[in-house]
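I have placed the structure first, in the form of structure tokens, so that the comments after it can refer back to it.
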Amino acid sequence: MMIRTVSVSPFPDQKPGTSGLRKKVPVFQTPGYTEAFIQSVFDSLDGFEGKSLVIGGDGRFYNREVIQIAIRMAAANGFGRVLVGQGGILSTPAASHLIRKREAFGGLILSASHNPGGPTEDFGIKYNISNGGPAPEKITDAIFARSLSIDHYKVADFGDVDLDKIGTFEAGGMTIEVVDPVTDYADLMETLFDFAAIRKLVDDGFKVAFDAMHAVTGPYASEILVRRLGVDAALVFNATPLEDFGGHHPDPNLVHAKALYDLMMAPEAPDFGAASDGDGDRNLIIGRGVFVTPSDSLAMLAANAHLAPGYKDGLKGIARSMPTSGAADRVAAKLGVEMHETPTGWKFFGNLLDAGRCTICGEESAGTGSDHVREKDGLWAVLLWLNILAVRRQSALEIVKDHWAEFGRTYYSRHDYEAIETDSANQLMAAIEDSLVRLPGRQIGSLTIANADSFTYHDPIDGSVSRNQGLRIFFEGGSRLVFRLSGTGTSGATLRIYMERYEPDPAQHDQDTQAALQPLIEAAEAIAEISSRTGRDAPTVIT
Ligand code: VG1
Ligand code: CO
């Protein structure tokens, strides 16, 4: 076998963000760029000689090309086997499961998640470790450090692998196995949920709608929802993965999944609607006439998880990212289990899950998952909801209202200002940070600031410390504002403002969310001077 060592100059911008390296496709197409990053990943790992590497992606534009590059580089660097999804496809949770099931050394997941795809849109590469989860900061920091000094990469010379044919073959001294991307994952779901009960619910006329957004979950939804559970195929929308997601953002929120939202709010709406994102790790849950915020969904799933066979023994604990609302905390308190608050990004849940300190985790950004894999999992959340609905035989709206009546309602919203100038965004954050010490006691409208800080996370398992994970403003009475900059965007900066207000009184549970949060929206403007600093008078996306 011919192994070539190719010289390359370092690229200064290969720092992995919240979830791997994300850039525009033309950046990844820069000669040597993709190779330099993959080599930096391999150079930051020890002991993979002869071991297996899982490779798969969400099917977006440039996926197949990068997979061929990664396979040839894995061979040249000494991996013994590559497991790749047929057609180059693996949803992020399915990749996590495959790494665990096949005891692989790690995996490369190619995705820019909910960001648009196409020749001038986004691409991404993320490295996952042997537990199936995103590499922790220690490794992503090492990858970045290596990328700044790298001077060559290694690649084996052999032709393109036929990614469409399932089977095992040899090339470049390495075994390449093209695997069915769906079956193992679907089988795992059958071990966690009562498929017979869900199927009975569907047979009894319960209508389920699912929007795959022309992204990776299409084939998974067709197999699991339609074939195994009997859901009407006519209600599974956009099930064919497309390289450009049909020109849309595969982001399951109220802006980009508006068609599903409108359907679910219509008089003849199906009983339950859901959507997933580009790489299949996010979920949107909408019952007939009721949108369930992701923070609420986490709390409701945690409170009811014992109704599904995979969780019948209860939860070891719950974990949420810091900006996620406190709704799940109240469930943990009631269940008498541990509650953990981590920085944004799934990589921070891995240690807690591995140590058995939590069973269910979630983020306000439509991510929910459990210890069955080490990634968030869109279809898992849909199936857990369906299992709960099949057991309780109530509508989603009734389950939501019951939950609020028992635990109180947390009004919650996130306002995003996308693609603002990086300098203004940094200045805005710096100004708030400077003012933190002076904020307590300040009165804004009806609200009084009780406390303010910059969130630092101390990992209870490995002792690592992660600073600057978001600016938090706490108000008397329990309301909270959080400011942070996105770590997944590819143009300019995205400012995220998270708002929450707890309302225990059931008589106050039917307010419009934005109206209920109006004093906090005004406080955010007063504290951050958003309009004058960014030139924007409204957020780009409200979720
Ligand atoms: C966003 C979300 C975060 C999520 C991350 C990756 O990060 O806020 O909760 O973990 O995306 O999700 P940021 O840094 O842009 O706020 V995915 O589905 O894009 O892999
Ligand atoms: Co995603």
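One-based numbering, in listed order, for ligands and for the atoms of each.
Within the sub-2.8 Å shell of the Co ion (ligand 2), the protein contributes these N/O/S atoms: Ser113 OG, Asp277 OD2, Asp279 OD1, Asp281 OD1.
Proximity of Thr92 to ligand 1, defined as any heavy-atom pair under 4.0 Å, is not found for any part of the residue. Only side-chain heavy atoms of Asp281 come within less than 4.0 Å of ligand 1; its backbone N, CA, C and O stay farther off. When non-hydrogen atoms are compared, ligand 1 lies under 4.0 Å from the side chain of Ser365 (C-beta onward) but not from its backbone.
Numbered from 1 in the order shown, with element, the atoms of ligand 1 that lie under 4.0 Å from a heavy atom of Arg484 read 13 (P), 14 (O), 16 (O). When each atom of ligand 1 is checked for a heavy atom of Thr344 under 4.0 Å away, the hits are 3 (C), 8 (O), 9 (O). Close contacts between ligand 1 and His114 involve ligand atoms 19 (O) [criterion: under 4.0 Å to a heavy atom]. Against a heavy-atom cut-off of under 4.0 Å, Arg496 is close to the following atoms of ligand 1: 8 (O), 13 (P), 15 (O), 16 (O). Residue contact check: Thr18 has heavy atoms under 4.0 Å from atoms 5 (C), 7 (O), 13 (P), 14 (O) of ligand 1. Taking every heavy atom of Ser113 and a limit of under 4.0 angstrom, the matching atoms of ligand 1 come to 17 (V), 18 (O), 19 (O), 20 (O). Which parts of ligand 1 touch Asp277 is read off a 4.0 Å heavy-atom cut-off, strictly below it: atoms 18 (O). For ligand 1, the atoms closer than 4.0 angstrom to any heavy atom of Gly487 are 13 (P), 14 (O), 15 (O).
Within the cation-pi definition used here (under 6.0 Å to the ring centroid, within 45° of the axis), Arg330 qualifies as a partner of Tyr502.
Rounding to the nearest 0.5 Å places OG1 of Thr120 at 10.0 Å from CD of Gln29.
The six-membered or imidazole ring of Phe28 lies away from that of Tyr62, with a centre-to-centre distance of 6.0 Å or more.
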Could you pull out every donor-acceptor pair under 3.5 Å between side chains of residues 344-353 and any protein atom, sequence neighbours left out?
{"from": "Lys347", "atom 1": "NZ", "to": "Gly17", "atom 2": "O", "distance (Å)": "3.3"}
{"from": "Asn351", "atom 1": "ND2", "to": "Asp459", "atom 2": "OD2", "distance (Å)": "2.9"}
{"from": "Asn351", "atom 1": "ND2", "to": "Asp462", "atom 2": "OD2", "distance (Å)": "3.0"}

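Surrounding OH of Tyr457 are more than 12 heavy atoms belonging to other residues, nucleotides or ligands, all under 6.0 Å away.
Arg484 has its side chain out of reach of Leu471: every pair of non-hydrogen atoms, C-beta onward, lies at least 4.5 Å apart. Annotation: side chain of Thr324 is not in contact with side chain of Tyr412 (no heavy-atom distance under 4.5 Å). In this structure, Arg480 and Ile473 have side chains that are not in contact, with every pair of non-hydrogen atoms separated by 4.5 Å or more.
At least one donor-acceptor pair closer than 3.5 Å links the side chain of Gln14 to the backbone N or O of Tyr33.
Ligand 1 is never approached by Lys347 to a heavy-atom distance shorter than 4.0 Å. At least one heavy atom of Lys376 sits less than 4.0 Å from an atom of ligand 1. Using a 4.0 Å heavy-atom cutoff, Gly345 is listed among the residues neighbouring ligand 1.
Residues Arg374 and Asp354 are paired through a salt bridge, judged by an N-O separation under 4.0 Å between the basic side chain and the carboxylate.
Protein heavy atom in closest approach to atom 7 (O) of ligand 1: Thr488 CG2, 3.5 Å.
Using bins of under 30°, 30° to 60° and over 60° for the plane-to-plane angle, the ring pair Tyr220/Tyr185 lands in the perpendicular bin. Classification of the His372-Trp380 ring pair by plane angle, with boundaries at 30° and 60°, yields parallel.
Taking only non-hydrogen atoms, the option from Arg414, Glu363, Glu418 nearest to atom 4 (C) of ligand 1 is Glu363. Distances from atom 20 (O) of ligand 1 to the heavy atoms of Glu364, Arg22, Glu375, Arg282 show the closest one on Arg22.
Val382 pairs with exactly one of Asp377, Ile224, Val208, Ile285 by the side chain to side chain contact (heavy atoms under 4.5 Å, CB included) rule, that one being Ile285.
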(request) Show the numbers, then the answer: is there a salt bridge (charged side-chain N to carboxylate O under 4.0 Å, His left out) between Asp13 and Lys15? (result) CA-CA 6 Å; Asp13 64 344; Lys15 187 175 173 52; over 6 Å; no
